[in-house]
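The next block holds one structure in the form of structure tokens; read it before the comments.
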Number of protein chains: 2
Amino acid sequence: MNTILSNLKIQVNEKIYVKDPETSALGKKIIEQSILLIDEIGFDNFTFKKLGEKIGSNESSIYRYFENKHKLLVYLSSWYWSWMEYKLVFATTNITDPKEKLRNAITIVTEKVIDDSSTEHINEAILNKIIIAEFTKTLHTKEVDQENKEGFFLIYKRVINRIVNIVTEVNPSYLYAKSLVSTIVEGSLHQHFLTEHFTNITDCNTSKSTTQFYLHLIENVLH
Amino acid sequence: MNTILSNLKIQVNEKIYVKDPETSALGKKIIEQSILLIDEIGFDNFTFKKLGEKIGSNESSIYRYFENKHKLLVYLSSWYWSWMEYKLVFATTNITDPKEKLRNAITIVTEKVIDDSSTEHINEAILNKIIIAEFTKTLHTKEVDQENKEGFFLIYKRVINRIVNIVTEVNPSYLYAKSLVSTIVEGSLHQHFLTEHFTNITDCNTSKSTTQFYLHLIENVLH
DNA sequence: TCATAATCGATAGTATTACTATTATATTTG
DNA sequence: CAAATATAATAGTAATACTATCGATTATGA
């Protein structure tokens with residue numbers, strides 16, 4: 001997996017950035033260090049000025065790559081879901097049994113990311129932590145409809161609909177395939193969050209357990 | 001229900017506010033109009049200055065009630081979940097059949113709020129819209145553990161655990177009662193959000209349908 | 001009823017944020 | 001080597017998120 005992914009460039013909608021960060025050393029540094037800084041101080045406290053200080057560069061230089069910090073978070077999220085899509089495709093191709101395919105898909109998407117060295121400048125485990133903590137903020141804005149129209153969330157929606165197709169294979173008569181999958185994808189992030197901060201309202205205490213919960217759930221819902 | 005609720009004061013943790021907004025006309029105006037303004041322009045664009053202008057009062061006066069806009073949102077959320085708890089208790093007391101009790105509980109908590117005139121200065125339908133759009137922001141901060149310790153989210157957790165108890169009544173051997181309920185409560189807000197902005201990844205198109213999805217889900221998960 | 005406490009509105013001020021614009025320098029590329 | 005491009009540094013603006021002070025009004029209770 002690693003070797004294959006290292007040859008693949010994760011595709012992100014061009015409208016999200018001003019200049020593609022993958023095309024320069026500074027751009028990659030922005031991505032690499034923004035992930036670390038957002039994890040460290042949280043997205044709300046994160047500013048381009050602080051990031052500039054961290055990477056020994058200037059605030060204004062970062063603005064040449066991203067309009068604002070919201071767009072940077074959208075970029076990181078897109079990258080994450082694009083990466084997730086690759087993992088999903090790998091885990092499900094050439095598997096004939098729909099049930100096994102679905103189990104693999106659910107596992108990929110609900111598991112906590114431990115580590116992955118597929119990309120030089122991106123720490124996927126920490127990016128996963130950011131997605132757990134901050135992803136909803138990319139959606140919950142007043143501009144969501146406009147940004148959705150511009151395709152900012154295309155990959156996220158594609159990931160969900162890929163799994164929806166597998167659900168439909170397993171049980172074509174099930175009426176709520178989309179809601180089920182969107183609930184699982186979003187819900188598993190939430191369960192990871194609860195495991196970290198609200199242990200009193202979750203049964204999941206390791207990453208495996210979140211996956212087990214959803215595997216058990218989907219098994220029962222689809223018979 | 002209305003008549004009974006109008007005599008009950010919704011209890012909110014004292015640490016959330018500087019001065020209890022229920023104790024003065026200005027305080028109630030702050031609550032009433034902040035709900036309308038947050039719905040109108042979104043929480044991110046909401047400021048105390050704008051609220052002051054809207055209610056013909058001064059920024060500094062609002063700071064005498066709430067330390068900052070985050071605390072105000074936590075207050076509105078607490079109020080919402082407290083109100084939800086009352087509705088929950090009403091819908092489940094004196095019902096002997098655990099399954100029926102559970103169906104009622106799930107319905108209460110997943111239904112879109114149409115309208116409720118139980119409180120003079122709070123429009124519950126609009127507050128429900130705010131919860132759908134902004135509630136996750138109260139949790140996803142760097143201060144969440146501290147605020148959780150101080151009891152800011154107690155009512156929310158209590159609502160979930162009330163439903164957990166009913167789930168356990170229905171099926172004592174089910175291993176993931178807490179995760180199931182927290183997934184449903186959080187997930188139904190998310191489904192309402194998707195219904196509004198991402199119709200492509202949800203099957204729910206009316207409030208009733210979100211409830212039906214979860215009623216169907218819980219039926220199957222618990223046998 | 002008078003004193004005093006609490007409340008509120010108005011004003012001013014500070015630090016930070018979220019940018020934009022300009023320019024000089026360094027680097028790349030053709 | 002020239003031209004284009006990228007970057008760093010600096011300056012500046014408007015808005016945000018507050019804090020502090022002060023006088024005017026209103027409420028309370030002795």
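Within every chain, numbering begins at 1; the chains are lettered A, B, ... in the order of the sequence lines, protein sequences first and strands thereafter. The model shown is predicted, which means the values in this text are computed figures rather than measured ones.
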Produce the list of close N/O pairs, under 3.5 Å, pairing protein atoms with atoms of nucleotides 27-30 of chain C; give distances to one decimal.
none

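Checking side-chain atoms of N148(B) against main-chain N and O of H197(A) turns up a donor-acceptor pair under 3.5 Å.
Between L72(A) atom CG and dT17(C) atom P there is a gap of 16 Å when expressed in whole angstrom units. Computed from coordinates, the K69(B) NZ to dA15(D) C1' distance equals 12 Å when rounded to whole Å. For the pair F48(A) CZ and dA8(D) C1', the interatomic distance rounds to 17 Å; values are reported in whole Å.
Contact check on D203(A) versus K178(B) returns no salt bridge, with no Lys/Arg side-chain nitrogen under 4.0 Å from an Asp/Glu carboxylate oxygen. Under a 4.0 Å N-O distance rule, the pair K137(A)/E134(A) qualifies as a salt bridge. A salt bridge between K54(A) and E40(A) is present, with a side-chain N of the basic residue lying under 4.0 Å from a carboxylate O of the acidic one.
The aromatic rings of F48(B) and F46(B) lie perpendicular to each other, with more than 60° between the two planes, well past the 30° mark. Under the 30°/60° scheme for interplanar angles, the aromatic rings of Y176(A) and F213(B) are found to be tilted. Taking the six-membered ring where the residue is Trp, Y17(A) and Y75(A) present perpendicular rings, their angle passing 60° and hence far from 30°.
Taken residue by residue, residues 49-68 of chain A places heavy atoms nearer than 4.0 Å to DNA chain C at K50(A), E59(A), S60(A), Y63(A), E67(A), N68(A).
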